[in-house]
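To find a chain, count down the sequence lines: A is the first, B the second, and so on, and within it residues start at 1. Atoms considered below: every heavy atom in the structure, side chains included; atoms not considered: hydrogens, waters and symmetry mates.
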Protein chains: 2
Amino acid sequence: MVTTDSSHFENILIALADPTRRQLLDLIALRGQATATTLATTVTVSRQAVVKHLTILKDARLVSSNRVGREVRYQVCPQQLSSTAEWMANLAADWDRKLEWIKRIAEEK
Amino acid sequence: MVTTDSSHFENILIALADPTRRQLLDLIALRGQATATTLATTVTVSRQAVVKHLTILKDARLVSSNRVGREVRYQVCPQQLSSTAEWMANLAADWDRKLEWIKRIAEEK
DNA sequence: AACATATGCAATAATTAGGTTGCACTTTCG
DNA sequence: CGAAAGTGCAACCTAATTATTGCATATGTT
């Protein structure tokens, strides 16, 4: 199964691997939408660090953004997350099948 | 929802985020079991690099190992992967609910 | 216009991740 | 026993990540 050449999911996994980014996702989901500046007041890191994290999240398409006047508002995108969950569940099922097959072979001897 | 303090899933996400580690998981799943030395012949990196990756995968409980004589054999563990997929799917669903709620509020004005 | 607020850009610094090499130790086999 | 095969440990290097600070630019407000 395609675990290796799934560079599409790689950005998502990298994005989710960082605790600060998960916290940001939580905050945005909780508020519906949020700006880098407001997020920076809650999180322990600087606004610029938040902006960098948001860029990574946006590249992974876990969030989208739209400009309203002078501010940039971010929202979460559940689609990418659910498709990654699906990919992961399929992978687990694939491993399971292979393990079952091996177990059966071992019992036949 | 608990996206932030899910350090349990963090190791798994970090483990899966690396392409070499995903390749190793693929190879182990394909063969049922494998040693660091045999894996190193397929992968482009050294045996020691493979060992380090396997350690990370084992910490994340994505693989288990057992010693047979002088060699250490690794197998994949689908459980952790499927539970992470579930966690991720729940998170996506949670985001979805919140977005729906916000949309409804917006339409009521 | 003047001031406050929000974002954008760039240089820099500290830490971590991924990888290498060399050598010692253990198990197997001729 | 002695050689081969597999693993374990440790030092070291490099590049990428995370975060910082300072300043410039754009937008809204009084």
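- A sub-4.0 Å separation between OP1 or OP2 of D:dA19 and a side-chain N or O of A:Thr20 is present.
- DNA chain C is contacted by no residue of residues 27-37 of chain B, taking any non-hydrogen atom closer than 4.0 Å.
- Comparing D:dA11, D:dT18, D:dA19 by their closest approach to the side chain of A:Val45 singles out D:dA19.
- Between B:Arg22 and B:Asp26 there is no salt bridge, since no side-chain N of the basic residue sits under 4.0 Å from a carboxylate O of the acidic one.
- Mapping B:Val72 and A:Asp18 onto DNA chain D by nearest heavy atom places B:Val72 at the nucleotide closer to the 5' end.
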Side-chain donor-acceptor distances from residues 55-62 of chain A under 3.5 Å, at least two apart:
unit_1, atom_1, unit_2, atom_2, d
A:Thr55, OG1, A:Val51, O, 2.9
A:Lys58, NZ, A:Ser65, OG, 2.7

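- Read 5' to 3', the first and last nucleotides of DNA chain C with an atom closer than 4.0 Å to a heavy atom of chain B are C:dG18 to C:dT28.
- For A:His53, a side-chain nitrogen or oxygen approaches OP1 or OP2 of D:dA19 to under 4.0 Å.
- Between B:Val43 and B:Leu27, the closest side-chain pair of non-hydrogen atoms falls below 4.5 Å.
- Sorted by first and then second residue, the salt bridge (Lys or Arg N to Asp or Glu O under 4.0 Å) pairs involving residues 31-56 of chain B (not counting sequence neighbours) form an empty list.
- Counting heavy atoms from C-beta on, the side chains of B:Leu25 and A:Leu91 never come closer than 4.5 Å.
- Every side chain to side chain donor-acceptor pair (under 3.5 Å) that A:Thr38 has, sequence neighbours left out, goes to A:Thr35.
- Using a 4.0 Å cut-off between charged nitrogen and carboxylate oxygen, A:Lys103 and A:Glu100 count as a salt-bridge pair.
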Encode nucleotides 21-30 of chain D as B, S and - characters from 5' to 3', where the letter depends on protein heavy atoms closer than 4.0 Å: B to the base, S only to sugar-phosphate, - to neither.
BB----BS--

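- Counting only heavy atoms from C-beta outward, the side chains of B:Leu24 and B:Val63 never approach each other to under 4.5 Å.
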Pair A:Met88-B:Leu16, side chain to side chain contact (heavy atoms under 4.5 Å, CB included): steps then yes or no
CA-CA 10 Å; A:Met88 205 176 279; B:Leu16 291 173; 3.8 Å; yes

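- Backbone-only contact: A:Arg21 has heavy atoms under 4.0 Å from sugar-phosphate atoms and none from a base.
- Under the side-chain contact (heavy atoms from CB on, under 4.5 Å) criterion, A:Gln75 pairs with A:Gln33, A:Ser64, A:Asn66, A:Arg73, not counting sequence neighbours.
- When the P atom of D:dC9 is taken as reference, atom CG of B:Leu54 falls 14 Å away, rounded to whole Å.
- Annotation: side-chain contact (heavy atoms from CB on, under 4.5 Å) contacts of A:Ile14 (sequence neighbours excluded): A:Glu10, A:Arg21, B:Ala17.
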